[in-house]
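To start, the structure itself, in structure tokens.
Below, read A as the first sequence line, B as the second, and so on, with proteins coming before strands; counting in each chain starts at 1.
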Amino acid sequence: MQPKLNRLLRALAREGLEVAYDGRLYSVRLQGDAHAPPAEVLLPPDLPVEGKAFQQLAHLAALRHPSGGQVLRVRATPDFHPGDSGVAIGSVLHTRGLVVPGAIGTDINCGMRLHVANVSVEAFLAKRTAFVERMKGHYFFGTRDVTMGSRASEALLRDGVQGWLVETLERPLGCAGRADLAQLDAEVARIHLGGGLKGHPRWAPESFTREGLVRDAGLATIGGGNHFVEVQRVEAVEDRARAWGWGVREGQLAFMIHSGSRDVGKHVGVAWQDRARQAWPVGAPLPESGILPLGDARLVEQYLEAEATAANYAFLNRLLLAELLRQTLRELFGDVEAPLVYDVPHNLTLPYEGGWLARKGACPAGAEQPVIIPGSMGATSFLMVGCGDARALESASHGAGRARSRFSLSRGGADQSEAALGLTGVDCITLRAERRVEEAPAAYKPIRPVVDAQVEAGIVREVARLAPLLTFKA
DNA sequence: ATGTGC
């Protein structure tokens with residue numbers, strides 16, 4: 001074991017955590033709480049970890065509901081780090097009889113989407129300036145207001161992108177023409193869960209559905225933080241047969257989208273974290289972690305429907321971002337084909353083994369499923385395939401993990417030179433210079449050890465690597 | 001994560 005980690009774990013033991021390890025798999029539990037399952041995390045060698053993240057993990061595992069709901073297992077991904085709501089980013093939570101709104105938070109159905117395109121890298125780079133100008137002209141600065149009719153919006157919120165498409169085929173709108181809609185219809189099969197869960201418009205913000213229009217809610221915008229749109233090059237293919245089957249070839253141009261449910265997820269997440277507080281049984285001691293589960297069956301059902309509503313919105317948000325990018329390529333390069341490889345959520349509660357599995361910043365990694373692990377700005381991204389590892393709760397990391405807070409980099413007196421931030425050679429278009437600093441490569445851990453640890457543990461296998469050419473951040 | 005914080 002690494003000396004630094006050893007010191008950290010000793011400190012955690014003094015703070016009331018039982019700590020054990022077996023190879024690279026570490027487990028923690030609150031001392032004296034024999035009923036709680038241990039919380040496990042796989043750690044790559046020589047990467048910084050924060051004690052607070054371990055604390056959050058142990059408290060999550062210790063959670064139970066007075067009505068009998070329980071936590072069955074907690075597992076964290078190798079990129080886990082402390083989260084604001086008391087739940088570490090990278091936590092995977094298996095429960096029965098309870099769900100935890102704070103274990104998803106506000107970034108509901110944050111996820112990844114990958115397309116490849118039959119434009120050569122050379123041709124693309126030759127028109128880079130024109131491409132950037134067109135991109136600035138619409139969604140990524142939020143200047144393009146995407147609206148839709150009441151039937152399409154209601155169908156979207158109830159059923160996801162398939163419902164939206166059915167209504168949209170009757171009344172084409174805004175950014176999509178009829179020919180494009182036929183392709184979108186064919187691509188629904190490449191969206192995890194078919195791009196839809198059972199939701200209901202009643203959970204969307206009131207302003208969102210007013211006058212039967214969906215507007216001013218950030219539809220087809222990237223969002224902040226680690227979210228991005230990136231043009232990439234497939235720099236290496238490791239599993240040729242699988243990559244071929246997925247339409248991915250070495251040297252291809254590709255684009256990747258990391259975005260979520262924007263204001264709709266925030267609305268649902270905030271409302272339900274409050275609701276969980278209100279619904280906590282009178283007289284029952286509050287968990288010291290501040291993490292509050294829902295245990296009443298009816299409330300659980302309602303929360304999941306609200307979460308699904310925001311998730312449906314996120315699926316469409318990523319779809320529209322991709323559609324705008326695909327159209328921009330067509331404007332510049334003619335009849336471009338840019339098929340979807342896969343779209344996968346990494347912030348969602350889903351049914352699992354008779355209970356629920358909440359992934360907070362963790363990518364589903366079921367057997368044979370495409371897994372998309374983005375690198376941070378300037379870093380390689382990975383297309384992998386899941387191995388269905390039950391010990392890891394069929395989950396992989398959703399990135400490299402943040403190493404430094406936004407504040408510590410932007411205003412914490414850090415060296416803001418290009419070299420110190422790791423920005424040398426990075427081509428990034430942002431709305432504000434501040435973003436480049438907050439999300440600079442120096443803000444994140446290296447992705448390679450995080451990926452390697454998961455390959456060695458049998459959680460995922462590598463299919464292809466993608467190198468960034470041009471990154472857009474809000 | 002969030003038209004935002006430290």
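The separation between A:H267 atom NE2 and B:dG3 atom P is 14 Å, rounded to whole Å. Rounded to whole angstrom, the span from the CG atom of A:L219 across to the P atom of B:dG3 amounts to 13 Å. The nearest whole Å value for the distance from the CZ atom in A:R262 to the P atom in B:dT4 is 12 Å. Summarising the geometry, the separation between CZ on A:R435 and P on B:dG5 is reported as 13 Å, rounded to the nearest angstrom. Rounded to whole angstrom, the span from the NE2 atom of A:H227 across to the C1' atom of B:dT4 amounts to 14 Å. Note: NE2 (A:H258) to P (B:dT2) measures 9 Å, nearest angstrom. As rounded to whole Å, 13 Å separates atom C1' of B:dG5 from atom CZ of A:R402.
Within the structure, salt bridge (charged side-chain N to carboxylate O under 4.0 Å, His left out) pairs that include any residue of residues 83-111 of chain A do not occur (at least two apart or interchain).
Contact annotation: the side chain of A:R262 never approaches that of A:H227 to less than 4.5 Å [non-hydrogen atoms, C-beta and beyond].
Here B:dT2 is the nucleotide among B:dG5, B:dT2, B:dT4 with the atom lying nearest to any side-chain atom of A:D263. Listed nucleotides B:dT2, B:dT4, B:dG5 differ in distance to A:E434; the shortest reach to its side chain belongs to B:dG5. Among B:dT2, B:dT4, B:dG5, the nucleotide with an atom closest to any side-chain atom of A:E438 is B:dG5.
With values rounded to the nearest 0.5 angstrom, A:I429 atom CD1 is found 12.0 Å from A:E230 atom CD.
Nucleic acid contact for A:G225: sugar-phosphate only, since backbone atoms but no base atoms lie under 4.0 Å from a heavy atom of the residue.
Under the ring-ring contact (aromatic ring centres under 6.0 Å, His included) criterion, A:W280 pairs with A:H65, sequence neighbours left out.
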